[in-house]
Amino acid sequence: MKIGVFICHCGSNIAGTVDVAKVAEMAKSLPEVAFASDTMYACSEPGQEGIINAIKEKGLDGAVVASCTPRMHGPTFMRTVARAGLNPYMFEMANIREHVSWIGKDKEANTAKALDLVRMAVAKLARNKPLFAKSFAINKRVLVLGGGVAGIQAALDCADGGLEVVLVEKTTTIGGKMAKLDKTFPTVDCSCCILGPKMVDVAQHPNITLYASAEVDEINGYVGNFQVKVRKKPTYVDWKLCTGCGACLEKCPSKKSPDLFNEFVGTTTAINIPFPQAIPKKASIDAGSCIKFKTGKCGVCAKVCPVKAINYEMEPEIVTEEVGAVIAATGYDLMDWTVYEQYGGGRYKDVITSLQYERLLSASGPTGGHIKRPSDGKEPKTVVFIQCVGSRDKSVGRPYCSGFCCMYTAKQAILTKDHIPDSESYVFYMDIRAPGKMYDEFTRRAMEEYGAKYVRGRVSMVYPSGGRYVVRGVDTLAGTQVEVEADLVVLAVGAEGAAGAAHLAEKLRISYDSYGFYMESHPKLKPVETNTAGVYVAGCVQGPKDIPTSVAQGSAAAAKVLALFSKDQLQSDPQVSSVDLKRCVGCMKCAMTCPFGAIKEQEVRGEIKAQVIETMCQGCGLCTATCPQGAIQLQHFTDNQILAEINTLLESELEETQG
Amino acid sequence: MSKELRIIGFLCNWCSYGGADTAGVGRFTQPTDLRIVRLPCSGRIDPLFVLKTLTGGADGVLVSGCHPRDCHYSEGNFYARRRLEMVKRFLPVIGIDPGRFEYTWVSASEGQRWQTVVRGFTEQVHALGPIQRFGKDAAAMAAQLAASHA
Amino acid sequence: MPILDELKAAIAKRLPELDVVIGWGKGFDALHHTPVFITSEADLDKLVLGPLSVQNLATYLTRYPKTKKIGVVVKGCDSRSVVQLLQEKLINRENVVVFGFPCEGVVDLEKVKRAFEDQGMEAARVSEASFQGDRCTLTSGGKAGSLPMADLWADKCNRCQYHDAVISDEFVGQRLERKAEDAYADVAAFEAKPLAERQAFWQEQMSRCIRCYACRNACPLCVCRDQCIAQTREPNWVSQRTGVEEKFMFQMIHASHLAGRCTECGECERACPVGIPILLLKRKNNKEILELFDYRAGIDPEAKPPLLAFKVEEEKINERGW
């Protein structure tokens, strides 16, 4: 075999701490290496041309590129190799940037390590075989998880693009967090008024099937062919009959139910429609507070319902949907701010979250849009906003910035003044982060036009005093302590992944971080893709975002799905397992462990043998590690290839000890 | 740290290899002893790779995969967990310090954790020193023991 | 009726429906039994049974096509191999008839030879062997010698927990229902030695290995036969290079492939012509399997070998934190 080795400088990224010329020089002496050189940027157009020319001129049968991680440019160089007329799988990469040059400054050690990685790649490539992709049919339906603004946008764009969409929402209505907001920044227009029409579009779109009050139980399959089990949670109201007339709400005697939609500010009825614009506008019963469920007596709603939609016996229902792609848009939740003992830990009634404050501001909220203190219903004259509660705070395990809090706090200060002209607002902040179109201007307006008093510093404690609250903090600009007597304290609580996000990520087989946010494929270049083919993310599920960004991501994820579905068939990854029939003894241990059911029995001349169903095989290689004879081998990661890598390293060790 | 030792890592592509990349992107400095073999899944790791590598003269072997439940292939790391635990427990009977082998879980977002793992494991292997190889080293040791018992 | 006669009767009863019944017969000398393959009633006279019936006849089951109807006589330990083969669907339950009997144990022929050689007898020329009560008497070169059985039982018999077959279609004689303790003391004793000494031990032992693969051929669960990865370059796990690493690699492969499957019949060690105590490696794995998964191979034909299964939450595997 004639192998070409190309060592990338990556500008100074690699060359700064690895002697690339030396690595290239030493690579020339490796067996099967016919050509080696170093190149400034292997991935650049001239870099790729250099590889192509070398392959053609020297008649190479394979190439090793030593540069960045194969997770980044593996596919790039496979295309390069293919353009040079080779099979794209006759290629290996040595990761001498992320795994070498970026993690240490010892040039000598780095150079030795880089050479080792190149030797491993060469040893592996020498055992590569050309592989050829197979085509398989796809199901052009898409599942959108989460009916917040990102999910709504994704669903609408996909549906407008002609795809059938299944939208699954955990709560009884779509709208998500945006539906709870009173106004949006920096335009201060009514949140529900701009979201409402989109929600109606979802309800009316012929291509969208909406499952509200539903969750995903199980997802199986692979890109193009997922099987999804959707669990419809019982609402105890037959939504096919319910007209949303609201008669039941008026008569329900259980008026002390926790009001989820209003963030537990006030209470609601046990049978409920969360808000006037809810989609679907259907009633549902909160079994935890319903008198009928608790005592067996009542049944008022069933009596008053004009269409007899009430069904106390309703059971969960499992629906199986087949889709080809999934968009996760499950959003965020506020972190549990009660860990802040210094702010009362949840014991003070008038220390509330920003989202609760949104409900107090909203005309459809529990106070009809009048700002009233939860404790006594009085109008507050002094409101203190504390920012970064659970953001940028390592002491509570939340080191990151939640991004949108600076902006909504400014908005809330403005709205406070609008609602109560003789009120005063104080904002305790760390830094004002307002990088967006018209954003900084907006925060200036809060200060300059609306007179919000911005105090740069943290609040050390909040304590009640004579019906009011003393907020004690520091003004780091003035270098003094400050105390403000407040009627109401609003906490800008940081965001974390939505409750249950981790569990869902496990079902989707994608990574998530310790805050419950999902991991995108590449932080810059693949922001809505995940490492699982056919699974995309949009909105706050990936990290805190404001509305425009969430909407943009919803559209982006939809575009990705539309692009994926633009072909009728997908190419399967040919890095699948393959059975050596003469070596297989038919013990079928491979099939016992295969997570995808991709191995079946076949009879060959009267003997049982294993057979791989290539489109189902995902290429994990579990079977190869299981087979005692090594008769089933994962292509491109065969035992011999891995052993060659190991032996290469052990031999280099041997030479050292002998030398 | 003393002279570099030979440490071989077997990493799954989706989580731990990505975690090592994330560590690189974050410039989280690590010792240079480790050489990484990229595999699709920790479930791909035949325990024999570990035994082959250690008896073949590597001073340490590190395996890292997706956290349990997070496997890109759903179940690979569950099987790996059992098999790798068995290898770790097997090592003492063949006279290899089980500290020379560790397996752990690092996700693609855990760059910092990867740094901690590599630093910790490299330190652990250095504390054990170069491995006694089967063949020459062990033969010498056998002779020495025979002499001392005689 | 003596157990042997009962056994013959039981086999005679089932023989018409079977292609072959595998039992033990007289070997090349008085100190050895050898497998016999009974296909007719006339063959029944060849059958013997006793402390010299050392071979695990279950090993032969997988050498026949699955469709053949086979009878097999099993000691308690051997019966576990049958269960394991059933569990892995390597044999068909309906095509195997298992003949069990209460096994008092078998001798370790190496112990016998050594003990009698110590008495100045030639163990290679034994003309008569008798086992009466707790004594073994051998005649060699016209000289007779006697030794207590306690010194001669195979190690596995001293710790035996399954004297009576765990699975049988025909069981002859009275069940012994005896159970010795097995706390893997041998493994613990070996692991109490310093690490370097353990490695040196294997270095020394394995240097004698001649790579004959008798250990593998005797193993009832080594079903790969000609496809064993020790003897192929696809994949190339073990090279032809001489050296202790290569020899030892095969033993690690064997132990590894038997983890959670080995029933400790000890055939590998018995078959080893140079006396390498390779069962220790398998017992080590079994000790850990028992601790981790509370599992013994070859007991329940419906169970799944623990390394071909998993639990989402493993009770006894600590997540290794860093």
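Lettering follows sequence order; numbering is per chain, from 1. The basis for the numbers below is simple: all heavy atoms, side chains too, and nothing from hydrogens, waters or symmetry mates. Keep in mind that this is a model prediction, so the values were computed, not measured.
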Less than 4.5 Å to any heavy atom of chain B: does that hold for the side chain of A:N220, its backbone, both, or neither? neither
Under 4.5 Å heavy-atom distance to chain A, tell me which part of B:I45 shows up: side chain, backbone, both or neither. backbone
Give, as side chain, backbone, both or neither, the part of A:Y512 having an atom under 4.5 angstrom from any heavy atom of chain B. both
If we define contacts as heavy-atom pairs under 4.5 Å, which of B:Y79, B:F78, B:F28 has the most with chain A? B:Y79
So, the part of B:Y17 with a heavy atom under 4.5 Å from chain A: the answer is both
Check whether the side chains of A:T626 and B:R83 place a donor and an acceptor atom closer than 3.5 Å, and report yes or no. yes
Of the listed A:T593, A:L643, A:T532, A:L634, the one with the largest count of heavy-atom pairs under 4.5 Å with chain B is A:T593
Under 3.5 Å donor-acceptor, B:R27 side chain and A:I103 backbone: no
Any carboxylate oxygen within less than 4.0 angstrom of a Lys/Arg side-chain nitrogen, looking at B:R6 and A:D116? yes
Counting only heavy atoms not in A:K507, do more than 12 sit closer than 6.0 Å to its NZ atom? yes
Is chain B contacted by the side chain of A:Q618, its backbone, both, or neither, given a heavy-atom distance below 4.5 Å? both
When the 4.5 angstrom heavy-atom criterion is applied to A:D639 and chain B, the contacting part is both
Please check this pair: side chain of A:K113 against backbone of B:L34, looking for a donor-acceptor N/O pair closer than 3.5 Å. yes
Closer than 3.5 angstrom, by distance alone: can the side chain of A:R71 be matched with the main-chain N or O of B:N13 as a donor-acceptor pair? yes
For A:D513 and B:S109, test the side chains for any donor-to-acceptor distance below 3.5 angstrom and give the result as yes or no. no
